[in-house]
Colleague: 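Dumping the structure here so I can ask a few things about it.
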Amino acid sequence: MLVDFYQLSRDPVDVTVVKLARKVMQAGERLVVVASDEGLREHLSEALWQHGNGSFLANGPADGPHAARQPILISADCAAPNEARMAILADGRWRDEATRFDRAMLLFDADATEAARGLWRELAAREDIENRIFKQTPEGGWREGR
């Protein structure tokens with residue numbers, strides 16, 4: 001299992017979720033975007049629908065009527081009725097249930113740096129998990145860091 005830590009610096013969480021979701025869709029995968037706050041979930045859903053240039057990233061709530069058919073689910077937990085193998089933890093909060101996925105992407109800001117470091121050490125001790133960290137470049141891309 002792969003856990004990618006994304007340290008938010010230049011772009012806010014909604015912009016980052018859209019960028020990562022676009023990459024997941026281009027890879028032909030399904031996705032679950034997790035956030036405990038309902039307002040954040042609604043905001044992320046809207047950002048995915050309206051990410052610009054007349055295109056959109058189709059999504060729906062994990063507890064919605066057609067969740068199994070949605071390419072991207074927005075959820076309060078790590079449930080994946082769409083059989084996603086990737087999850088974005090958009091609220092910066094780790095959930096052990098994320099280990100059910102092949103890849104989990106934890107987004108965190110400067111305020112959560114110490115918690116992310118602690119989680120990094122905890123997960124690094126596990127043989128079944130590989131950690132990577134990504135930092136944003138001034139141009140808005142991402143590079144793997146240390």
Side-chain angles (χ1 to χ4, degrees), residues 1-113 115-116 118-120 122-124 126-137 139-145:
M1 193 250 157
L2 190 58
V3 177
D4 291 338
F5 289 71
Y6 282 85
Q7 185 174 6
L8 301 176
S9 57
R10 178 181 175 260
D11 292 336
V13 68
D14 59 340
V15 172
T16 302
V17 166
V18 167
K19 286 180 179 182
L20 293 172
R22 187 179 306 123
K23 294 281 189 188
V24 170
M25 294 298 99
Q26 288 171 348
E29 296 287 341
R30 289 176 172 245
L31 178 67
V32 173
V33 178
V34 182
S36 58
D37 180 74
E38 184 177 355
L40 178 57
R41 289 193 307 273
E42 290 172 3
H43 179 71
L44 293 173
S45 176
E46 191 68 26
L48 289 164
W49 278 111
Q50 297 181 358
H51 80 276
N53 299 328
S55 61
F56 60 89
L57 292 167
N59 69 88
D63 59 357
H66 304 289
R69 296 191 309 207
Q70 293 290 348
I72 301 172
L73 289 177
I74 311 295
S75 181
D77 56 37
C78 290
N82 66 347
E83 299 182 8
R85 297 182 318 162
M86 296 187 188
I88 295 175
L89 306 175
D91 60 6
R93 194 172 67 94
W94 177 254
R95 296 145 176 90
D96 286 331
E97 298 82 23
T99 60
R100 296 182 201 145
F101 296 93
D102 293 346
R103 180 180 179 201
M105 295 163 266
L106 177 69
L107 310 185
F108 67 97
D109 60 16
D111 293 339
T113 300
L119 177 63
W120 177 278
E122 179 185 324
L123 295 178
R126 294 180 54 172
E127 290 185 22
D128 61 330
I129 295 179
E130 178 185 345
N131 291 343
R132 299 185 304 185
I133 181 105
F134 290 88
K135 296 180 180 182
Q136 196 162 34
T137 67
E139 298 78 31
W142 293 90
R143 66 173 168 75
E144 192 169 352

Colleague: Is any side-chain heavy atom of V18 less than 4.5 Å from a side-chain heavy atom of L48?
Modeller: yes
Colleague: Is the shortest heavy-atom distance from the side chain of K23 to the side chain of M105 under 4.5 Å?
Modeller: no
Colleague: Test of understanding: with side chain to side chain contact (heavy atoms under 4.5 Å, CB included), list the residues that count as partners of A84, not counting sequence neighbours.
Modeller: R30, V32, A80, N82, F101
Colleague: Report the C-alpha separation of D37 and D91 in whole Å, then their side-chain angles, then the decisive distance to 0.1 Å, and conclude whether the side-chain contact (heavy atoms from CB on, under 4.5 Å) test is met.
Modeller: CA-CA 8 Å; D37 180 74; D91 60 6; over 6 Å; no
Colleague: Indicate whether any N or O donor in one side chain lies under 3.5 Å from an N or O acceptor in the other, for T16 and D11.
Modeller: no
Colleague: How close do Q70 and N59 get, heavy atom to heavy atom, and via which atoms?
Modeller: OE1-C, 3.4 Å
Colleague: Between A104 and A98, what is the shortest heavy-atom contact and its length?
Modeller: CB-CB, 4.1 Å
Colleague: Are side-chain heavy atoms of D4 and W142 found at a separation under 4.5 Å?
Modeller: no
Colleague: About how many Å separate CG of L106 and OH of Y6, when rounded to the nearest 0.5 Å?
Modeller: 11.0 Å
Colleague: Do L40 and V13 touch side chain to side chain, with heavy atoms closer than 4.5 Å?
Modeller: yes
Colleague: Check whether any side-chain heavy atom of E46 sits under 4.5 Å from a side-chain heavy atom of E42, and report yes or no.
Modeller: no
Colleague: Does R95 come within less than 4.0 Å of D77, counting only side-chain N to carboxylate O?
Modeller: no
Colleague: Quick check on E97: does its CD atom have over 12 non-hydrogen neighbours (other residues, nucleotides or ligands) under 6.0 Å away?
Modeller: yes
Colleague: Check whether any side-chain heavy atom of C78 lies under 4.5 Å from a side-chain heavy atom of L89, and answer yes or no.
Modeller: yes
